[in-house]
Amino acid sequence: MISLTIEGRPVQVPEGSTVLDAARKAGVYVPTLCHDPDLKPYGACRLCLVEVEGVKGYPASCTLPANNGMVVRTDTQALNQLRRGIVELLVAEGHDNCMACAKNNRCELQRIGAYVGLTKVRYEQVHRGIPVDDSNPFFYRDLDKCILCARCVRACAEVEFVNAIDYGGRGYDAVIATMGNRPLTQSNCESCGECVDQCPVGALVRKKNVMPTREVRTTCAYCGVGCGLVLGLRGDEIVQVRGDDDAPVNHGTLCVKGRFGVEFVHHKDRLRTPLMKKDGQFVPISWDEALDIISERLARYSGSEYASVASGRCTNEDNYVFQKFTRGVMGSNSIDHCARL
Ligand code: FES
């Protein structure tokens, strides 16, 4: 273990940790924009600067290895002045209308602006006038609001292994671009939305951007991986889905189906009552009537005469009961499921 002191607090961290890891373990807040624990340290935003006794300058704590005996300061006047300057420049570029931004109240830049006490921007506000890419069915990409932290790029490469986006252009013209700077739908983007969840500002936002009022944990039933989901609900309607960071299978990541494919739950075409074919037409019948007909007919079969196919659109619990019914009641092992891929 490495022992060091952060803001006067002694802390021990395993070898290979960064100073930022140590600060977080010591319960000391250090502002960050380009850092995420799921991604490799990058050192792009320079907001996590610290002072280290005996070291010149202001190294970025997210890339600085923790060493024995280090004495680190994270909250000095000089550091906050530097951070305020960085935030001021970022805000001057396309972040001047927070109330109209879909990330308002959840924006990490906004939060850090409050932390460093930014009350006004001395520079002229600049918008580069890059058109919003709305080609993706699930999210917008507004490069005018991008701060080039590259969390989206790294999530796409390091978490999803898709590499649909990267830095394009140089200097002031630098943007996060697809191959040939085409719209997302013309790239190899898989619409998983990992980049959207990583974006600290309003550059990548969901098209359906409704704030949930409560959350429910569940398991995705779309495939056999069984990712942990956190459903965001407004009333009884699912308005958002995010990956469950504590789920051992997916550690918070999701694919396009898990993150965005929930429309079917409240879809107007969804069956809400049993239907029975009478004279070639499907007609609604009551649940009692349906269950009587089904039990009467199923009683004629058993064992290998019976097989069932379950659905990923049902809950895990429904599917569990269905396989119990197939095995325990019908005496058959012939049960399959669309999640068997
Ligand atoms: Fe360290 Fe961005 S968080 S440089």
Side-chain angles (χ1 to χ4, degrees), residues 2 4-7 9 11 13-53 55-67 70-95 103 106-118 143 145-159 165-167 170-172 174-176 194-204 245 251-252:
I2 307 268
L4 64 164
T5 308
I6 314 253
E7 282 296 311
R9 297 186 200 181
V11 61
V13 284
E15 193 129 2
S17 302
T18 63
V19 169
L20 180 64
D21 295 331
R24 295 214 160 144
K25 185 155 182 217
V28 173
Y29 173 70
V30 178
T32 61
L33 273 178
C34 70
H35 176 79
D36 184 274
D38 292 338
L39 306 173
K40 289 184 197 146
Y42 199 57
C45 72
R46 316 310 288 177
L47 282 167
C48 67
L49 306 178
V50 290
E51 291 177 16
V52 183
E53 229 172 73
V55 173
K56 266 193 176 171
Y58 305 95
S61 61
C62 68
T63 51
L64 183 65
N67 279 323
M70 268 181 162
V71 178
V72 181
R73 304 290 312 274
T74 63
D75 192 11
T76 66
Q77 211 182 346
L79 287 171
N80 280 325
Q81 196 176 338
L82 284 168
R83 289 175 184 145
R84 202 176 309 121
I86 296 167
V87 175
E88 194 177 357
L89 287 166
L90 291 174
V91 171
E93 260 191 69
H95 292 270
K103 275 274 174 75
R106 290 167 294 146
C107 173
E108 295 175 34
L109 180 62
Q110 204 177 41
R111 215 174 303 146
I112 295 171
Y115 171 77
V116 298
L118 184 74
L143 294 178
K145 290 183 180 164
C146 175
I147 56 168
L148 297 172
C149 67
R151 270 165 65 177
C152 54
V153 174
R154 290 177 288 144
C156 195
E158 294 171 22
V159 179
I165 45 177
D166 205 340
Y167 277 114
R170 289 287 177 271
Y172 195 72
V175 285
I176 303 299
E194 195 64 36
C195 56
V196 181
D197 268 19
Q198 277 288 347
C199 181
V201 294
L204 288 159
D245 292 330
H251 297 286

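One-based numbering, in listed order, for ligands and for the atoms of each. Numbers here simply count residues along the sequence, with the first being 1. Because the structure is predicted, anything quoted here is derived from the model rather than measured. Any value given below was found using the heavy atoms of this structure, including those in side chains, with hydrogens, waters and symmetry copies removed.
- Only the backbone of Ala44 comes within 4.0 Å of ligand 1, counting heavy atoms alone; no side-chain atom from C-beta on gets that close.
- The contact set between ligand 1 and His35, taken as ligand atoms under 4.0 Å from a residue heavy atom, comprises 3 (S).
- When side chains are defined from C-beta on, Arg151 counts as touching Pro200, because their heavy atoms get closer than 4.5 Å.
- Applying the 4.0 Å criterion to heavy atoms of Cys62 picks out, from ligand 1, the atoms 1 (Fe), 3 (S), 4 (S).
- Contact check for Ile112 versus Arg83: no side-chain heavy atoms found under the 4.5 Å cut-off.
- Between Val19 and the options Thr63, Val72, Val52, Thr74, a side-chain contact (heavy atoms from CB on, under 4.5 Å) holds for only Val72.
- At a cut-off of 2.8 Å, Cys149 does not coordinate atom 2 (Fe) of ligand 1 through any N, O or S atom.
- Distances below 4.0 Å separate heavy atoms of Gly43 from the following atoms of ligand 1: 4 (S).
- A donor-acceptor pair under 3.5 Å is formed between the side chain of Ser61 and the backbone N or O of Cys48.
- At a threshold of 2.8 Å, atom 1 (Fe) of ligand 1 has no backbone or side-chain N, O or S atom of Cys34 nearer than that distance.
- Using the six-membered ring where Trp is involved, Tyr115 and Tyr29 have ring planes that are perpendicular, over 60° apart on the 30 and 60° scheme.
- In summary, Cys45 places an N/O/S atom under 2.8 Å from atom 2 (Fe) of ligand 1, meeting the contact criterion.
- Two residues are said to be in side-chain contact when any heavy atoms from C-beta on lie closer than 4.5 Å; Thr18 and Cys62 fail this criterion.
- Protein heavy atom nearest atom 4 (S) of ligand 1, with residue, atom name and distance: Arg46 N, 3.1 Å.
- Heavy-atom proximity to Thr32, at under 4.0 Å, picks out these atoms of ligand 1: 3 (S).
- Side-chain contact between Asn67 and Leu4: absent, with no pair of heavy atoms (C-beta onward) separated by less than 4.5 Å.
- Heavy-atom proximity to Cys48, at under 4.0 Å, picks out these atoms of ligand 1: 1 (Fe), 3 (S), 4 (S).
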